[in-house]
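What follows is a short report on a single structure.
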2 protein chains.
Amino acid sequence: MTTQEKILDTAIKLYNTHGISKITSRHIAAEMDISPGNLHYHFKHTEDIIKALYDRLVGEYNTFFRELELTEDVSFADLTNFAQASFKITTRYRIFFRSGVDIVMQIPAIRDNLHEIVTKRKTQLGFIFERLVHKGIFRNDLPPHIWPILVEQLFIIGDFWWAHNEITERLKGAKASAKYMELIEGLFTPYLAVKNKN
Amino acid sequence: MTTQEKILDTAIKLYNTHGISKITSRHIAAEMDISPGNLHYHFKHTEDIIKALYDRLVGEYNTFFRELELTEDVSFADLTNFAQASFKITTRYRIFFRSGVDIVMQIPAIRDNLHEIVTKRKTQLGFIFERLVHKGIFRNDLPPHIWPILVEQLFIIGDFWWAHNEITERLKGAKASAKYMELIEGLFTPYLAVKNKN
DNA sequence: TTTATTATAGAACAAATGTACTAATATTTT
DNA sequence: AAAATATTAGTACATTTGTTCTATAATAAA
């Protein structure tokens, strides 16, 4: 593993546990026993570390979405997989979803990219719903304008569940995962066609 | 208006527009043309300002909930009012909902209080739903375990909508309010009894 | 009106932080 | 092996930030 990768791994670990605002480049260097000078040789600016972590996050989302797009024949299980994959990613990079938009939005490279990626994800999930309605898995007696609303609800809960968990139950591991899935699945349950209610 | 109040007003204004992490006690003092020394005469620690703003936020929530509790005969309109009041409060203090739990959770006085207040709000909203089911406004053919889930979904979307808006459409004013209400109302629409679908 | 108090300004300090610089060491290329 | 390049440690510096200190000024109490 290269020093760069080690820095990123250490950074995300420290950020996730202590929060971005409390972790400085010196902390990261100290944690992995290298000098501050060395760290800034690999990442000139501390912001560049956060930027690199964001790129990792986006990369993981993209590879997952690419897989999903290949599946022409979307099934209900894909939706569950989607939620579970989202949970894993938001867990690994939970600092981005917990530290709010405050810090992240102040990094220009991220700010410029964020809107684009969220829009893309929304469109993709919208397609999945469309196909599931067509297949009769979701109800087809509803006005079409409800689907974008459902997609948005899914994203808000998916993205900010960790933040909410932090200020309420503080669940971890399997319990956290179960609660997350319960909330996400509960969101589209009312829209399932009657025959699929299981 | 006392200097203390002026400091809090200036602080929330600056925090809301620039984010907590970018605003220091010096910025606040400069914005209102007083000396740093004077500011720290009124608030010994910068954190105390955030703590005081949090107390304001909680206070506004409490006065609203107290009104609602007096209404013995809960109607559907109360639910909409509830959402609208929540929107106003989360807008006025949106920094707390945008800067994430990261900063806020590091202030002990807030951390200790936050869980309590969220739980209280959840219970109160749970009661409202219970009464609305009883009155036949919400469906009574559903398993009772779905109501806590719905309450939690409502709170996540209610609390973090501003954060989500920041990274997507960045709506403001009336448009923001309309979108917020659309998402919140869309959440409980599927649970309305058939006769109430209007 | 004198005295006490509260409020304010402005300078000063210490700690933290990002980052640049220098020299040494390791690694790769030729 | 020699030269070039990449990596590392350690130090140093400037800036920012929270906070304290001291001296005035304003206000309230006596």
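Naming convention: chains lettered A, B, ... in sequence-line order (proteins, then strands); numbering from 1 in each chain.
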Between side-chain atoms of residues 82-89 of chain A and protein atoms elsewhere (two or more places apart, or another chain), which donor-acceptor pairs fall under 3.5 Å?
from   : atom 1 : to     : atom 2 : distance (Å)
S86(A) : OG     : F82(A) : O      : 3.0

If you find the nucleotide of DNA chain D closest to S35(A) and the one closest to G37(B), which residue's nucleotide is nearer the 5' end?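 Its nearest nucleotide lies further toward 5', so the answer is S35(A).
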
Can you name the ring-ring contact (aromatic ring centres under 6.0 Å, His included) partners of [X], sequence neighbours left out?
| X | answer |
| --- | --- |
| F160(B) | F160(A) |
| Y93(B) | none |
| F129(A) | F138(A), W147(A) |

Distance, nearest 0.5 Å, that separates CD1 of I20(B) from CG of N16(B):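 Taking CD1 in I20(B) and CG in N16(B), the distance rounds to 9.0 Å.
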
Examine dA7(C): is either OP1 or OP2 under 4.0 Å from a nitrogen or oxygen in the side chain of N38(B)? Give yes or no.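 Result: no.
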
Run the side chain to side chain donor-acceptor pair (under 3.5 Å) test against Q106(A) and tell me which residues pass, sequence neighbours left out.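 For Q106(A), the residues satisfying side chain to side chain donor-acceptor pair (under 3.5 Å) (neighbours in sequence not counted) are S21(B).
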
Salt bridge (Lys or Arg N to Asp or Glu O under 4.0 Å) involving D141(A) - partner list, sequence neighbours excluded: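 Per chain and number, D141(A) pairs via salt bridge (Lys or Arg N to Asp or Glu O under 4.0 Å) with R139(A).
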
Those residues that, when tested against R121(A), pass salt bridge (Lys or Arg N to Asp or Glu O under 4.0 Å) (two or more places apart): D159(A)

Close residues, residues 11-34 of chain B, relative to DNA chain D [heavy-atom separation under 4.0 Å]: T24(B), S25(B), R26(B)

Mind listing the residues from residues 41-53 of chain B sitting with a heavy atom below 4.0 Å of DNA chain D? Number order is fine. K44(B), H45(B), T46(B)

Selection residues 15-41 of chain B - residue pairs positive for ring-ring contact (aromatic ring centres under 6.0 Å, His included), sequence neighbours left out: none

Contact boundaries on DNA chain D for chain B, cut-off under 4.0 Å to non-hydrogen atoms: dT17(D) to dT20(D)

Compile the donor-acceptor pairs under 3.5 Å between side chains in residues 42-51 of chain B and protein atoms, sequence neighbours left out, one pair per line.
from   : atom 1 : to     : atom 2 : distance (Å)
D48(B) : OD2    : H45(B) : N      : 3.2
K51(B) : NZ     : D55(B) : OD1    : 3.2
K51(B) : NZ     : D55(B) : OD2    : 3.0

